[in-house]
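Encoded as structure tokens, the structure appears first; notes follow it.
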Amino acid sequence: MDLVFNHHSNIIPMLPAALLFTSNTLVRLKLETPFVMAVPVRVCLPSLKTLELESIVFEDDDSVKRLFSSCPILEDLSITHCDLRNITCINIPNPSLKSLILLVYGDQESRSFSLTFAIVFDLPNLVYFKYEGHVAKSYSMVNMPSLVRADIEISRGLVYTRERDALVELFQGICNVKSLHLSVYPEALPVLSHKHFVAFQNLHKLNIFWWIQNWKGTGLAKFLEFSPNLQTLVLANEVSFPMEKVPSCLVYQLKKFKLTGFKDHTSLFGMVAYILKNATVLEKLTVCSCRGLGDKEKFKITKQLLSMPRNSNKCQVMAF
């Protein structure tokens with residue numbers, strides 16, 4: 001059985017607990033409404049596999065704990081834009097969970113962009129993880145040994161030391177990930193690079209987008225050194241090269257490199273020259289220009305890129 005609640009009103013009602021939390025047949029539950037989620041003491045959802053919560057008002061820590069612990073076979077969990085001001089810790093301990101989407105932001109009205117609660121993940125079978133928003137107070141436990149893909153988007157700069165330390169905790173917990181899509185402010189990579197955490201030994205694909213133009217690339221080399229088996233690197237925005245030390249993954253592992261959204265031709269050619277010079281097993285280099293370039297300009301850029309010397313005789317250069 002699937003159940004979807006949609007409610008749009010300025011009055012925040014209480015959830016009909018008896019109806020929602022004692023079903024033996026409920027497989028998918030979607031709550032897309034500003035309900036106050038007061039989970040009763042006796043709650044049992046033995047068949048629930050998919051739980052989607054949007055705009056829900058979490059009553060307290062105990063309600064959250066009771067809800068998640070009552071779903072023994074939960075596989076997909078989504079928590080987006082919920083009111084978490086009454087919470088001190090979100091604990092998600094479901095061993096059956098395979099997909100987790102968490103969109104969490106500070107109080108927009110008061111312009112408080114720091115989260116006041118901690119987050120605990122004990123998810124041994126999680127395959128996909130999406131985290132978007134602000135940094136939590138802490139990530140005292142992040143256990144995701146089976147993680148395949150993670151999409152991490154941090155929507156503001158790291159102002160406080162607590163935020164920097166918390167971000168390191170989060171990345172320590174996802175170190176087994178194979179594909180990482182990362183959207184951050186530039187200062188995040190130096191923070192991670194100066195902390196001694198376990199390398200991303202399983203990381204094969206890295207996609208990085210940063211929020212500020214003309215980033216100098218600070219911390220990128222060190223971050224790549226923590227990814228010794230990286231085979232695909234996608235940079236979505238401009239970055240200055242070259243780096244003082246060439247990461248080993250660029251020399252011995254990198255097979256695909258893609259650059260999107262460039263505006264400055266000088267930094268583009270410098271970056272491409274650096275990659276072609278050092279990547280000995282590169283198979284494909286792709287450059288996607290930003291919008292606004294005419295056909296004549298694109299042809300000129302493509303011609304210059306194709307004429308650049310390369311260290312890999314297998315490398316194919318594509319530009320559009």
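Only this structure's heavy atoms are used, side chains among them; waters, hydrogens and symmetry mates stay out.
If you take OG on Ser183 and OH on Tyr131, they are separated by 14.0 Å, rounding to the nearest 0.5 Å. Going from atom CG of Leu123 over to atom CG of Leu74 covers 10.0 Å, rounded to the nearest 0.5 Å. Here Ile56 contributes atom CD1 and Ile79 contributes atom CD1; the two are 10.5 Å apart, rounded to the nearest 0.5 Å.
When the side-chain contact (heavy atoms from CB on, under 4.5 Å) test is applied to Asp151, the partners found at least two apart in sequence or on another chain are Tyr128, Lys130, Arg149, His181. Under the side chain to side chain donor-acceptor pair (under 3.5 Å) criterion, Asp62 pairs with no residue, sequence neighbours left out. Taking Ser55 as the reference, nothing meets the side-chain contact (heavy atoms from CB on, under 4.5 Å) condition, with sequence neighbours excluded. With sequence neighbours left out, Asn125 forms a side chain to side chain donor-acceptor pair (under 3.5 Å) with no residue at all. Applying the salt bridge (charged side-chain N to carboxylate O under 4.0 Å, His left out) rule to Asp83 yields the partners Arg85; only residues at least two apart in sequence or on another chain are considered. The side-chain contact (heavy atoms from CB on, under 4.5 Å) test applied to Glu52 returns Arg28, Lys30, Thr50, Ser78, not counting sequence neighbours. Not a single side chain to side chain donor-acceptor pair (under 3.5 Å) links Asn311 to another residue, sequence neighbours left out. Evaluation of the side-chain contact (heavy atoms from CB on, under 4.5 Å) rule for Glu54 yields Glu32, Thr80 as partners, not counting sequence neighbours. Listed by chain and residue number, nothing satisfies the side chain to side chain donor-acceptor pair (under 3.5 Å) test with Thr232 (two or more places apart in sequence, or in another chain).
Among pairs with a residue in residues 47-66, none fulfils ring-ring contact (aromatic ring centres under 6.0 Å, His included), at least two apart in sequence or across chains. For the ring-ring contact (aromatic ring centres under 6.0 Å, His included) condition, the pairs that include at least one residue of residues 62-88, sequence neighbours left out, are His81-Tyr105.
Looking at heavy atoms from C-beta onward, Phe257 lies in side-chain contact with Leu235 at the 4.5 angstrom threshold.
Within the 3.5 Å criterion, the main-chain N or O of Phe117 finds no donor-acceptor partner in the side chain of Thr88. When atom types are taken as modelled, the side chain of Asn94 and the backbone of Leu97 share no donor-acceptor pair closer than 3.5 angstrom.
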Contacts under 3.5 angstrom, residues 301-308 side chains, donor-acceptor by atom type, not counting sequence neighbours:
unit_1 : atom_1 : unit_2 : atom_2 : d
Thr302 : OG1    : Lys298 : O      : 2.8
Ser307 : OG     : Gln304 : O      : 2.7

